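Not measured: the values here are computed from a predicted model.
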Amino acid sequence: MTTILDSLEQYYDTVPRVGGARAEDFGPLTLFVQEGTGWQYYARPALGGPEATLADVERVRERQRELKVPEAFEWVAETSPSLRAPVEAAGLHVHAHPLMVLDPEAVRLPAHPDVRLLGADDPLLTAAVTVPALAFAAPGTAIGEAGPAELAARMVEPSAEEGRARVSGKIASGTTALAAAVRDGVVLCSGQYNPVGDVAEVVAVGTLPSARRQGLALAVTAALVAQALEGGARTVFLSAGDEDVARIYSRIGFRRVATALIAEPPAA
């Protein structure tokens, strides 16, 4: 019988391939490498593979350095419990994030008047893909300083246009959908979901720090959930930034099922 964690493992192995990455086989580990521009992926346990050793982790890191891609590993603690030890032995720092799945019986939030889906050619798309970068630069749920002025300044950077073009292509191809909270023409919060078969992951939900504590992230997430379910998703999941954020998502029916682990070199 396929469990929810089995379904998520299959999703994690498929979504980079759908996103344009090639898979390099390292026995117990698979390294996903983005072809061309776009989101830089990670290494993760191979489906059905043996347990990875320190030597396996070091071989992957050597290849990541050769390719000049992030030395990142991602996995689910409960599915691959033995991976943490060799990853930490290699000197990587491991971050833990609550892995949450939507309760299919959860009551849906009503649509928020400021939240809508954005199409591939929406003039607000550049702002919508830029807001999460400002949000994640100031993590947490407290109201912060970055606001519309900082957003406008970030939008003129070349990376903003690159992000818009990448997400626009994914929206057009149906491999992602994006929702945003917009007030007076300013994007205050945005997020996406990526569907693979009947599983969808909600990702990159971020609120402009100056606009926090208004329920916008929940409203955007609720809109993404509604669209994903309408599109045929039977499982909707996400990884919360921390326990405080997980408690917020629990208000709209997400329940913790496991722990997502992300490993990367420690900050300099």
Side-chain angles (χ1 to χ4, degrees), residues 1-101 132-133 136-137 139-140 194 196-197 199 201-204 235 237-246 255-268:
M1 180 178 176
T2 300
T3 69
I4 186 63
L5 293 184
D6 291 333
S7 296
L8 297 189
E9 282 298 295
Q10 186 64 58
Y11 176 94
Y12 284 131
D13 188 74
T14 304
V15 73
R17 305 172 197 266
V18 175
R22 72 173 185 271
E24 296 192 2
D25 181 7
F26 285 83
L29 299 167
T30 301
L31 172 61
F32 293 104
V33 182
Q34 181 62 261
E35 301 278 21
T37 60
W39 179 260
Q40 294 298 316
Y41 288 101
Y42 41 74
R44 69 176 330 277
L47 286 180
E51 294 184 357
T53 66
L54 175 59
D56 295 318
V57 172
E58 293 289 14
R59 283 199 305 128
V60 172
R61 292 189 69 192
E62 182 179 355
R63 178 60 171 158
Q64 289 170 322
R65 289 191 290 268
E66 178 185 344
L67 294 169
K68 295 181 172 60
V69 298
E71 294 178 50
F73 293 74
E74 297 191 10
W75 71 101
V76 176
E78 289 76 2
T79 306
S80 304
S82 66
L83 182 55
R84 183 164 189 158
V87 163
E88 289 184 328
L92 298 178
H93 180 65
V94 178
H95 308 267
H97 303 275
L99 183 59
M100 310 183 77
V101 171
F136 300 151
N194 300 323
V196 174
V199 180
E201 181 182 18
V202 175
V203 299
T235 299
F237 77 101
L238 55 79
S239 295
D242 55 34
E243 298 295 342
D244 289 337
V245 175
R255 302 291 179 254
R256 184 169 186 165
V257 297
T259 303
L261 298 179
I262 300 173
E264 58 192 1

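Under the rule for a side chain to side chain donor-acceptor pair (under 3.5 Å), the partners of Q10 that lie at least two apart in sequence or sit in another chain are T14. Here Y11 pairs with F237 under the ring-ring contact (aromatic ring centres under 6.0 Å, His included) rule; sequence neighbours left out. Legend: residues meeting side-chain contact (heavy atoms from CB on, under 4.5 Å) with P50, ordered by chain and number and at least two apart, are P28. Taking A90 as the reference, L54, V57, E58, R61 meet the side-chain contact (heavy atoms from CB on, under 4.5 Å) condition, with sequence neighbours excluded. Looking at residues two or more places apart in sequence or on another chain, you find no side chain to side chain donor-acceptor pair (under 3.5 Å) involving T30. Among residues two or more places apart in sequence or in another chain, the side-chain contact (heavy atoms from CB on, under 4.5 Å) test is passed with P16 by A21, F32, Y41, Y42. Applying the side chain to side chain donor-acceptor pair (under 3.5 Å) criterion to E243, with sequence neighbours excluded, gives R256. Every side chain to side chain donor-acceptor pair (under 3.5 Å) that D244 has, sequence neighbours left out, goes to R247. Residues that satisfy the side-chain contact (heavy atoms from CB on, under 4.5 Å) test with R255, not counting sequence neighbours, are D103, S250.
Side-chain contact between F26 and D56 is absent, with no heavy atoms from C-beta onward closer than 4.5 Å. Using a 4.5 Å heavy-atom cutoff, the side chains of T235 and I4 are in contact. Under the 4.5 Å side-chain criterion, counting only non-hydrogen atoms from C-beta, F73 is not in contact with L261.
Identified under the salt bridge (Lys or Arg N to Asp or Glu O under 4.0 Å) test for residues 41-54, with sequence neighbours left out: E9-R44. A side-chain hydrogen bond (donor to acceptor under 3.5 Å, both in side chains) check over residues 73-86, counting only residues at least two apart or in different chains, returns the pairs R84-E88.
Across all their heavy atoms, A43 and V60 have their closest contact at CB-CG1, 3.6 Å. Nearest heavy atoms, A46 versus G27: CB-O, 3.5 Å. Of all the heavy atoms in P70 and Q40, the pair that sits closest is CD-CB, 3.7 Å. For the pair L92 and P265, the tightest heavy-atom approach, listed with the atom from each and the gap, is CD2-N, 3.5 Å.
Ionic pairing of E62 and R65 is not present here: no N-O contact between side-chain nitrogen and carboxylate oxygen is shorter than 4.0 angstrom.
The CD atom of E71 sits 11.0 Å away from the CG atom of L31 when rounded to the nearest 0.5 Å.
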Check residues 93-101 and write down every donor-acceptor pair under 3.5 Å in which the side-chain atom is one partner and the other belongs to a residue at least two apart or another chain.
{"unit_1": "H95", "atom_1": "NE2", "unit_2": "E264", "atom_2": "OE2", "d": "2.9"}
{"unit_1": "H97", "atom_1": "ND1", "unit_2": "A240", "atom_2": "O", "d": "3.3"}
{"unit_1": "H97", "atom_1": "ND1", "unit_2": "G241", "atom_2": "O", "d": "3.0"}

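R17 places a side-chain N or O within 3.5 Å of a backbone atom of D13 that can act as its donor or acceptor partner.
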Original post:
What's the verdict on side chain to side chain contact (heavy atoms under 4.5 Å, CB included) for L67 and V33, showing C-alpha distance, side-chain angles and the deciding distance?
Top reply: CA-CA 9 Å; L67 294 169; V33 182; 3.7 Å; yes
